[in-house]
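A note on names: the letters A, B, ... follow the listed sequences, proteins ahead of strands, and every chain is numbered from 1.
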Amino acid sequence: MTRRRRPPGPVAWESRLLGLVTVGLVVFGVAAVYSSSSIQAVEQGLPGAWFALRQLQGAIVGLFLLLVAIRVDYQVWKAFAWPAVAIAFFALLIPLLPFTHDIAPVTNGARRWIDIGVGRIQPSEGAKFALIAWTAMLAAKKGAQVREFKLGVVPFMVIILPACLMIAIEPDLSTALLTMLVCMIVLFSAGAKIGHFMVLGVLALPLVWGQIAALQFRVNRMVAFLSPGEDPLSLSWQINQSIVGVGSGGVFGVGFGEGMQKLGYLPYAYSDFIFSTIGEEWGFVGVTVILVLYAGYLSLGMRIARRAGDVFGTLLTVGLTSLVGVTAILHMSVTLALVPTTGLPLPFISFGRSNLVIALFATGVIMNIGNQVGTGKRR
Amino acid sequence: MVEKTQVRISAVHVALGLGFLLVWGRSAQLQVVRGDKYTESARAQRTERIELPASRGGIYDRNGVPLALTEENFHLGIAPNEISDTSNGRSQADIDEDIRRLAENLGLELAGLRSRLALPQYAYFHGPFKTIQVQPIREIPGVHPEGELSRFYPDPDLARVLLGRSPFGGNPASGVERMLDSILTGVPGSAVVLRDQRGRRFQSPGRLDAFPSPGMDVFLTIDAELQEIVEAALVEAVAEYEAIGGDVVVMNPHTGEILALASTDSAGTPGLTALTHPYEPGSTAKLFAAAALLEHGLVSLTDSVWGEEGTYEFGGRTVSDVHEVEWATLADVIENSSNIGIIKFTRKLEANQQYQMLRNFGFGTPTGLEFPSESRGILRLPREWSGFSSASIAMGYEFSATPLQIASAYSAIANDGLLLRPTLIKTIRTAGGEVTWTHAPEPVRQAVSSETAEILRQMLRGVVYRGSPAALASYEVAGKTGTTRRVGEDGSYVTGAYNASFASLFPADDPQIVMVVKMTDPTGTYGGQTAAPVTRSVLERVLAAQTSTLDRTSLSRNGDTVRPRGLLESGQPPDVVNLPLIAVETEKVMRVIPDLVGQSMREAAAHLHGMGFAVRLEGWGLVVFTVPAVGDSLMQGESVVLHAETGE
């Protein structure tokens, strides 16, 4: 495997555009977080812009990392893949241990965060990047071998499955499945046989099934605990409120900040259901703009992937781009009641600093790959 | 491999692209196609129709004196973080000044308020505070007044039971407030306000759907001044005669309007006993037997019966007269209240005729006064009568009536025989002042012919002008006393207990008011001893006060024909007891205004009335000063203004 390194030089137009799209999404996101969270913030006795300012912090840190990632040759991540996975495993393990409640307390019935003093981080966000980079690295290394089952696909599962299982029992089943899905996309792009995925899918079903049942139990219990009365946190109620919000936006929306569903009707209006708020306030026009931005991100990412200097670059770009695309589609589908409710953020937009920082960092990595298009020898 | 990767990347690209397309299509469906429907359902769930309370109408006396009003009171919430917020350019001195103003206006202790506002929690002061307290501090940041309508009685004791209590605050309503609730209540308005999922309301944006339409104002037939006089006289009399209680009903006989209605009961019986507690009327009912005899032409004015020297065996019972009469005409019988005489006359009367006459005067049925509770009294059908019933009923026993029924029946006599439905409501006006209803006399029936009524009035005049404690110096009172043994709780007569009553027409020759006074178990046995002086004391004060109740033009016209007060003669009626009369000055003299400061308005007014002054009241509560001042001299009949602590 030969490669040529190019020092950070003129940025390719794809990367430039990708950066613009990303900044557009982030700016839109901070505004949407402000609009959808201020009332809840004030209710909790916080300043109205509390969530928005925190999101802005995340954006600044993330943009800094993005700028760093643009300048760091993505080959570093190939070398760093194994340690990254090791760190991810360690980080994922912390919230699962019984004696770590001090730094990983139960929040909303799950232990997904680790308190690192200056703030909380969500290990699963970093794990997603680490697993995708690792999968891309291994797939690029195995080359045509990924078409085999025993030596090709199974070794990936040895790492991916336990990692996703750990995420799942936080519990964060949707992130676990999402990570699994994106890793599969990377493998699929690398050329793995479709039949193998079917086998894996069938094998995984009992595992996942048990988790779904356990999760459902937890959710029901939590719902019953939090709202003994009319049950406004029930999933069908949330979904209904989400659709009412999006639908009432109409073509042009009710206007920025004018949305009413966030007045306690729509839970997590600033995170898991932020797309509903956007649909309500910006209408079909705003939704179209957001979709164009995501579609642009997807197309630019896939274009960079196709033209990347090496297979690792290709697969890493496919993985990171798919991560953004799949997450966005699932989030939006949830808010539009196309798929059952899961708690996935809208990349770059939903409140959540870990997610935003990783997404921006990943974008920086893609941009770095984009900048090296045509500089490497195709394999 | 590379080609394969390219194809697969394209597949992923297309798949995700389709995913976005699906999302876009779904958004179009929800927002463009079904947008209106969702807009509607969103609005429906986040808005709430709230009721805006309507102000309850006021209750006024016939002259517009307020008896019950609705006022807005305030509870106050103070947000410490808002009041002590210096980011809006206010200095600490401004804040201190604001807190000082709060304490001053709300009557709170400054130090306490200051330390309370040092706490972070929202401070709530229930108050209730008046508009005048809240208005100056409204604009202070963080001050959030919450309005609440409440009922206010300027003079809480005046006509208390009659007015009753409004249903404000969830209490059961009573009295006029209850009877006229639907008229007083008004129509609440409504507004659509925004609310969040937890049901909390946001002040704006809100939309007013309908203004609340305030309830109607009711002007009672009651004359507040007369009512006050009556209540004071009644309380005094009950105390003086050590009675259990008493009732006074004052009516305008030509309209049926109740001018004053008071009951007092030391036993604490709730309600207006004048309406709810029937009693055997005794001699006051002899007039109705006479009415039947005259109406049916059974007795001529010259017919007379033998008085049996005071003792008469009839129906196996011995009837006696307190004062013997010899040969007595019907007029003599009424005037002397002869039991023997009325029994002998009544023998000419068929039971049915006697019964029908009492029915004609409204006995045995409720009068229909606008009050939640009223007794119909007891009047049995003739077929239930025993052999002695006719005689008993003629003497005012074996049937019972409320003081209101007696007043109503006497009013018919004063009103040329036409019985009117008594009423408490004079006019009803909208909050804007438009009169929507005015009372017009409501004839019930012609109880007796106007000729008979005239004869009956003449008979009544004989009673008082022959001299009785009810007689007044200037004007003639016509009336009849009644004394009966009192029936106790168990339905049997209480030994040594009596009801004393006096039903009177004033002035006698052209009655403007009919007054019934009933004393329950006074220590003086005979009605004339107790009930009649109350009547006189009320009338004296009414004449002294500048009330519009009496038509003075008509009174002064009658003044020319004033009859001399009858002297007490040996033929004094047995139930008219001679009390030393207070010399009533016919000449107006200068009198010195006594020191009334600190007394209640009522006591002070009664005192001044008694001295022959007219009284005007300003405010309520205790007297603070008078105009003219204490110690000044004033001609009787002139007005003294009493100023109380709570002025307007």
Side-chain angles (χ1 to χ4, degrees), chain A residues 39 43 143-144 185 188-192 232 240-241 243-251 253-254 260-266 275 279-280 283-285 287-288 291-292 294-295 298-299 301-303 305-306 311 314-315 317-318 321-322 325-326 328-330 332-333 335-338 378-379, chain B residues 1-48 79-82 87 120-122 192-202 204-206:
Chain A
I39 284 180
E43 256 172 33
I185 288 174
F188 173 78
S189 302
N240 191 41
Q241 290 301 327
I243 292 177
V244 166
V246 173
S248 63
V251 176
V254 297
M260 295 294 162
Q261 290 298 98
K262 63 201 175 200
L263 300 179
Y265 293 97
L266 187 62
F275 186 68
E280 185 188 5
F284 186 61
V285 172
V287 166
T288 305
L291 282 170
V292 165
Y294 279 115
L298 177 69
S299 299
M302 290 305 175
R303 184 183 166 89
R306 283 194 202 94
V311 175
T314 297
L315 295 180
T317 307
V318 167
T321 306
S322 300
V326 170
I329 289 168
L330 284 176
M332 294 187 282
S333 299
T335 61
L336 299 175
L338 287 169
R378 284 263 165 117
R379 281 174 43 128
Chain B
M1 168 66 197
V2 169
E3 284 67 36
K4 187 154 198 118
T5 299
Q6 293 293 327
V7 170
R8 291 216 165 168
I9 289 171
S10 296
V12 171
H13 189 175
V14 168
L16 294 182
L18 284 175
F20 283 123
L21 205 60
L22 183 67
V23 165
W24 191 69
R26 173 70 168 168
S27 292
Q29 182 203 14
L30 291 178
Q31 300 188 291
V32 181
V33 181
R34 303 216 297 243
D36 293 343
K37 173 182 160 272
Y38 285 115
T39 304
E40 197 49 52
S41 62
R43 184 178 296 142
Q45 74 173 5
R46 73 172 70 105
T47 55
E48 184 182 2
N81 61 329
E82 290 177 48
S87 68
Q121 291 90 9
Y122 198 75
V192 174
V193 294
L194 214 56
R195 59 162 193 171
D196 70 3
Q197 188 265 319
R198 292 176 197 88
R200 285 171 309 180
R201 293 161 186 162
F202 289 76
S204 67

inquiry  = Going by salt bridge (charged side-chain N to carboxylate O under 4.0 Å, His left out), name the pairs with one or both residues in residues 11-36 of chain B, residues two or more places apart or in two chains.
reply    =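 Counting only pairs at least two positions apart or across chains, no salt bridge (charged side-chain N to carboxylate O under 4.0 Å, His left out) contact touches residues 11-36 of chain B.
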
Heavy-atom pairs under 4.5 Å with chain B - which of A/Val326, A/Val251, A/Leu338, A/Leu336 has more of them than the others?
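Max contact count across the listed options: A/Leu336.
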
Original post:
Can you tell which of A/Ser299, A/Gly253, A/Gly249, A/Ala337 has the highest number of heavy-atom pairs within less than 4.5 Å of chain B?
Top reply: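 Counting heavy-atom pairs under 4.5 Å, the top option is A/Ser299.
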
- prompt: Can you say whether B/Ala15 sits under 4.5 Å from chain A via the side chain, the backbone, both, or neither, judging by heavy atoms?
  reply: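 Contact with chain A: none, neither part.
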
Do A/Thr314 and B/Ile9 come close enough that some side-chain heavy atom pair is under 4.5 Å?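 Of all side-chain heavy-atom pairs linking B/Ile9 with A/Thr314, at least one is under 4.5 Å.
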
Should A/Met332 and B/Ser27 count as side-chain neighbours, where that means a heavy-atom distance under 4.5 Å?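 The answer is no, as the side chains (C-beta and beyond) never meet within the 4.5 Å cut-off.
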
Verdict with reasoning, A/Ser333 to B/Leu22, per side-chain contact (heavy atoms from CB on, under 4.5 Å):
CA-CA 9 Å; A/Ser333 299; B/Leu22 183 67; 5.5 Å; no

Check: Atom NZ in B/Lys37, atom OG in A/Ser248: separation rounded to 0.5 Å?
Finding: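 The distance works out to 11.5 Å.
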
Where is the tightest heavy-atom contact between [X] and [Y], given as atom of each residue plus distance?
X: B/Phe20; Y: A/Ala328; answer: CE2-CB, 4.1 Å
X: B/Arg8; Y: A/Ser189; answer: CB-CA, 3.8 Å
X: A/Leu298; Y: B/Gly17; answer: CD2-N, 3.6 Å
X: A/Gly283; Y: B/Gln31; answer: C-NE2, 3.4 Å
X: B/Leu16; Y: A/Ile329; answer: O-CD1, 3.2 Å

Residues forming a ring pair (Phe, Tyr, Trp, His ring centres under 6.0 Å) with B/Tyr38, sequence neighbours excluded:
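Applying ring pair (Phe, Tyr, Trp, His ring centres under 6.0 Å) to B/Tyr38 gives none.
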
